[in-house]
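Presented below is the structure to which this report refers.
Chain A is the first sequence line, chain B the second, and so forth, proteins listed ahead of strands; every chain is numbered from 1.
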Amino acid sequence: MELSILTFCYLIASVTFILGLKMLSNPATARKGNLVAAAGMTIAIIGTIFLYEEEGVKLGNYGWIFGGIAIGSIVGTLAAKKVKMTAMPEMVSMFNGMGGACAALISIVEFNHLVHAADGDLSAHIPTLLIILLGLIIGSVSFAGSMIAWGKLNGKIKDIVFPGQHLLNIGLLLVILALAVYIIGWTPANPSVIFYAIFAISILYGVFFVMPIGGADMPVVISLLNSFTGVAAACGGFLYDNKVMLTGGILVGAAGTLLTILMCKAMNRSLTNVLIGSFGGGHKEAGPAGTKQQGSVKEISLSDTAVVMAYASKVYIVPGYGLAVAQAQHACHELEKLLEAKGVEVKYAIHPVAGRMPGHMNVLLAEADVPYDKLQEMEHANEEFAGTDVVLILGANDVVNPAAKTDPASPIYGMPILDVELAKNVIVNKRSMKPGYAGIENDLFFRPKTSMLFGDAKKVLQDLIAEIKNL
Amino acid sequence: MDSILTWIAQNQQIIYIVILMIFVGIEVIGHVPSVLHTPLMSGANAIHGVVIIGAIIVMGKAESDNYLALVLGFLAVILGTINVVGGFVVTDRMLEMFKKKKKNG
């Protein structure tokens, strides 16, 4: 009876996962979808704790289980609540790594069980061993990779590229494969040594896999690792014949893979292009082209900016990562309200990959209560730039770089950009002339229509607001 | 080889689930607007936290003298919970904006 109730719990949970994902892909239902999936997860967890039994034996160690859940809940909630809007992407990466590590740990414990139960002879347990290994390898790669991605996004780890890196990666992968084949096919007398060797090399592979990939591509990598962890979770489903782990895991594995591809498409790049890291290679080629800084940049003063903007009839704001870093979204909204009060039409042009993740800017501006209908997608904004008086670029760089259209040698060539040059004036706020995340120069800054307004986005916006009020 | 074939035959139900879920996963998020890429990834991230169930089973089965299983199981439960709870909470925070949108629209 109790087992049937558990089966029913798992069924409900599986359905909520599917429904949740479906609702998450529609703006109107996204929030509810997340809650639906969370409710399903809670049902599955509580059901497992109290109803699960194996060969008539219920689970024990309740103290440990509840202790672990309590610690995990507190840490997880605090981390998720405290994290700044700008740091959310790396938080997701961190959580993903935790899931991967969890899967790897399960594999380690189950391997020891298996060795113990089989009394050294693993040949009768090949399929189980295969799944344990799969969970171990994928989980470890996902854990190590996510940690590196996390470090890269918060700037603790720099891109490290060295010659022969891809060969090394392929080599590591081959070693993992060879060891796995050895442990399964030849069932050596002392499998533990090889098992832990596979564990160590998988961690190493995860590190080297993400290391050379440019920081701007991290969202794609996190999404990919996310789907890896899904598959690792599904391995647990095989292991325990647990349908909810299987459904949840495979669902995320499949959806995550598609999402990864969609993200690549938004940047007009292919997945292999991201993974093989042509960014790293193209970087050097772009070097000489990047150094030829044509002409000089034109600076504009705060008071001039204030005048130009206050007497414009239509202003477009292009937010980028710099806005997020400076936490300037509230100041930005204030400027928008002030200008609107003066009869200026203000809108935001959102590039699909502005910031560190697709949707990053929407989240950020929504936090400052910017009305959703003010945010224009790229295609729409591009149509309207021609009738715009001033485009104010706040900490965006690569997404407005004309090289994406004109310079085939550029690493971002082919990426759709915001055609801000169609507007009458372009004012660029940046902290310095440093290139953006793709590491390339931006010709836009040297164009005659462009003026530069240097400084921290928040400080500049606050001063600008004060100036406009004084007009 | 034989044992693998037998295993497939014995577990065909599970294998069917896998194949169907792959299609469901792809179908379900097929038309997601790019605005929702990040929250969707974050939500999916929370869902694969279902691996916590495995951790609970490992923990609950561990014999009281098997310290390796106890310690690793405990660690796995903590990490899995962080994945689940943190994942859902952070996704909810990301999605707060859509609540406001309704008020305006």
Between [X] and chain A, with a heavy-atom cut-off of 4.5 Å, which part of the residue counts as in contact: side chain, backbone, both or neither?
X: Val84(B); answer: side chain
X: Ile8(B); answer: neither
X: Ile17(B); answer: side chain
X: Ala46(B); answer: backbone

Task: Side-chain donor/acceptor of Asn96(A) to backbone N/O of Asn45(B), under 3.5 Å - done: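 No: the side chain of Asn96(A) does not pair with the backbone of Asn45(B).
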Do [X] and [Y] touch side chain to side chain, with heavy atoms closer than 4.5 Å?
X: Leu24(A); Y: Leu95(B); answer: yes
X: Leu72(B); Y: Ile106(A); answer: no
X: Val90(B); Y: Met94(A); answer: no

Check each atom of [X] against the heavy atoms of chain B and say whether the ones under 4.5 Å are side chain, backbone, both or neither.
X: Met41(A); value: side chain
X: Val83(A); value: both
X: Pro89(A); value: neither
X: Tyr10(A); value: side chain
X: Ala103(A); value: both
X: Leu262(A); value: both
X: Tyr240(A); value: side chain

Open item on the list: Using a 4.5 angstrom heavy-atom cutoff, name the option from Thr229(A), Val75(A), Thr257(A) with the most pairs to chain B.
Closed with: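 Maximum pair count with chain B is reached by Thr229(A).
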Open item on the list: Would you say His31(B) and Asn26(A) are linked by a side-chain donor-acceptor pair, where the criterion is simply a distance under 3.5 Å?
Closed with: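 There is no such pair between these side chains.
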Task: Ion pair Glu55(A)/Lys61(B), N-O distance below 4.0 Å - done: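 Looking at Lys61(B) together with Glu55(A), the answer is no, because their closest N to O distance does not fall below 4.0 Å.
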Open item on the list: Please give me the minimum heavy-atom distance between Thr81(B) and Ile69(A), naming the atom from each residue.
Closed with: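 Answer, listing the atom of Thr81(B) first, then Ile69(A): CG2-O, 3.4 Å.
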